[in-house]
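First comes the structure, then the notes that go with it.
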Amino acid sequence: MDIQKLIQEYKLQSEIPKKIQKLREIINICDHYYYVKDESLISDREYDQLFQELIQLEKEHPELVTPDSPTQRVSGEPLKEFRNVQHKKPMLSLSNTYSYDEVKDFDRRVRELLEGEKVEYFAELKFDGVAISVHYENLEYALAVTRGDGVTGDDVTLNVKTIKNLPLKVKEVQFDGIPIRNFEVRGEVYMNYADFVKVNEERVAEGDKPFANPRNLASGTLKLLDPRQVAQRPLRIVLYYLDVDGIELRSQSENIELMREMGLPVSPYSRLCKSLDDVFAFIEEWEKRRYSLPFQIDGIVIKVNSLRQQEKLGTIARAPRWAIAYKYEAEKATTILKNITLQVGRTGIVTPVAELEPVFLAGSTISRATLHNADYIEELDLRIGDTVYVEKGGEVIPKVTGVVLEKRPDWAKKFVFPEYCTCGLNGRLVRLPGEVAYFCIHPECPWQIRRRIEHFASRNAMDIEGMGEKVVDQLVNLGFLKNIASIYELHLHRQKLISLERWGEKKVDNLLEAIEKSKRKPLSRLIFALGIRLIGEGAAKILAKHFKSLDALMNASKEELTSIYEIGEKMAESIVKFFQDPKERQVIEKLREYGLNFQEKEEQSEQKILEGLTFVLTGELEHFTRTEAKAKIEQLGGKVASSVSKKTNYVVVGKNPGSKYEDAQKLGVPILYESDFLRLIGEGSESELKKENHFEQNTLFD
Ligand code: IVH
């Protein structure tokens, strides 16, 4: 995919409707690669810029906005309630099996009912999400409906529209020569573990109850009435069913291919199985491989591949006779709960943690597991000394899911949530009305200080290498670090640090250098690093872009903040509260004094002076080889084409030029001789040029 070519075409295009069309095409392609193929075609920055340009163009030309524009993924006002929609064909569920014997029974029944016909199965992963039906009309996204009771569901069209890996327009493909334009697809809305963990962390920081698993989160999100909130949650979709108006399709495997060709997201992990043994091999393979997936599956779905045979087999009750689910056991282990400790986060939130007898589970040894909050401990009726079940919420965060009551020892002790924090300062732990979490309210709680400093120095924030958890812990204990600003005073203690055990000159100097370097990080990182409640990386970038300086952000009112589309009420309140705190202000003034970058720097524009220009090279140049000249042009944002057309901006002509010189003259394309070209790229000075080495034979460009 030559995305740069499309970008050039967009830039050279002067007609607005065509420009908009090109931009949409580029963004859709980038989205498809990013969300479906897991590949980035352009940098985030470039993407954001193009997206902003599209927003701007559509703002200036509202008559050109179409519902399938990528800017329209989030649209409409919050709903009061969802409209009910009847499914064209009922949405069925699957019978579950848990053993190979049951699968064999299924196969036997299928073969009996098909009276000995040859049978092929299509094996798919069973995604642990929420079933959804999506309709396309004239190739365009038109409607999305939840499963509901199988007969009617909720119209969640605006919510599903925000899901980035679902195209709003599909490619037209043909089935036996007939174009597919109006059709229904069905599949699963789900969320990756990593995104699930992130959303939960944010919720906990906010004092909200975390979701138990990615499926609950996906289903809770689809039920939100405000599409803007949905857009904040990175949902994904995978499709496994196709039904086309007026066309009799042949098989599940062909349908998956058709959907893939249309550009719809389908699973790359399905397999056509010629025999039951192939099916078992698939089940076995995924029993282990499932832990390497970025999302949760709870089994395998086995479907009779031929749609004619599916019809012949039919449906009983609400499950088809032509498919079953084989469910994997949730990876579970039992171990002893030795103790419950408290972990204090950077916002003072206190999370109880189960300290466990180490146990091996789904690929790793676990000795700690989250208990979320006091209510969770209460619900499970956990006692210290209990034998407990631990499960991996997928394979990311282990959690305690239950108690083996028969194994409870007499001495098992109920856990009483402490009144005071373990911070040594005896900060009171309070539970604000309506919130599930406890907070340590001591302003100098060293745990919070540690977490805030760790967060400040972390990779996605100020990225201070060598300042991880252990180092922060040590430096806080030694009294060298008291707040984030004191990081920049560490150089005053250089000698003392060098004399510490396991430190030494090199390690200290590396750390000090990394600290120095962090002063020049972009404003968005600094905003994120400050650790303002509810302000993640994404919000920090938006704020930096909008306010351009930390001072402007510090002085912003709640109204000004909420006027930014992506900044909600709660976020705005949190920002205002943060900057009103005199202690935070003091720290920020220190950071300013130490020379941290408080301004949003524009990308150096002079570096991209050839942006949007296409060059053609012909003849021998004195100062460059072909590769060098091309690299130079591209470095400055330009593009080199191999032949001259009307779209060529300049033809650079060296000695003994080829036919391209004449082409340029014929088409009236401006010609640059080497000296003009050097002037254009700002390298006109003779002396500068002589400094460069030109050992390589100059190549003929033509
Ligand atoms: S086929 C009759 N295929 O599992 C056909 N379902 O327990 C039913 N699911 O409601 C759907 N992955 O939400 C099918 N590859 C897959 C699936 C899948 C997940 C879900 C779906 C369905 C539920 C049934």
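Ligands are counted one by one from 1 in listed order, and the atoms in each one are counted from 1 as well.
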Main-chain N/O of Leu313 paired with Arg321 side-chain donor or acceptor, under 3.5 Å: yes
Ligand 1-proximal atoms of Lys303, by part, heavy-atom distance under 4.0 Å: side chain
Contact check: Arg147 vs ligand 1, nitrogen or oxygen atoms, below 3.5 angstrom: no
Between Tyr240 and Glu188, a side-chain donor and acceptor under 3.5 Å: yes
Ser251 and Glu254 side chains, donor-acceptor separation under 3.5 Å: no
Atom 24 (C) of ligand 1: the protein heavy-atom neighbour that sits closest, reported with distance to 0.1 Å: Leu94 N, 3.6 Å
Closest candidate by heavy atom, reference atom 11 (C) of ligand 1, pool Tyr190, Phe127, Tyr240: Tyr240
No-hydrogen, no-angle side-chain donor-acceptor test under 3.5 Å, Tyr121 and Asp278: no
Asp101-Ser99 side chain donor-acceptor pair, cut-off 3.5 Å: no
Close N or O approach (Pro320, ligand 1; < 3.5 Å): no
His372 and Tyr376 aromatic ring geometry - parallel, tilted or perpendicular at 30°/60° bounds: perpendicular
Pair Phe196 and Phe211, ring centroids less than 6.0 Å apart: no
Side chain, backbone, both or neither: Leu92 near ligand 1, heavy atoms under 4.0 Å: both
Heavy-atom nearest neighbour in the protein, as seen from atom 23 (C) of ligand 1, with distance rounded to 0.1 Å: Lys126 NZ, 3.9 Å
Ligand-side contact atoms (ligand 1) for residue partner Leu125, heavy atom cut-off under 4.0 Å: 12 (N), 15 (N), 16 (C)
For Ala131, the ligand 1 atoms whose distance to one of its heavy atoms is below 4.0 Å: 10 (O), 13 (O)
Expected output: side-chain Thr335 to main-chain Glu357 donor-acceptor under 3.5 Å: yes
Distance filter under 4.0 Å to Glu124 heavy atoms, resulting ligand 1 atoms: 3 (N), 15 (N), 16 (C)
Proximity of Val130 to ligand 1 by residue part, where a heavy atom lies under 4.0 Å: neither
Polar contact flag for Glu188 and ligand 1 (N/O pairs, less than 3.5 Å): yes
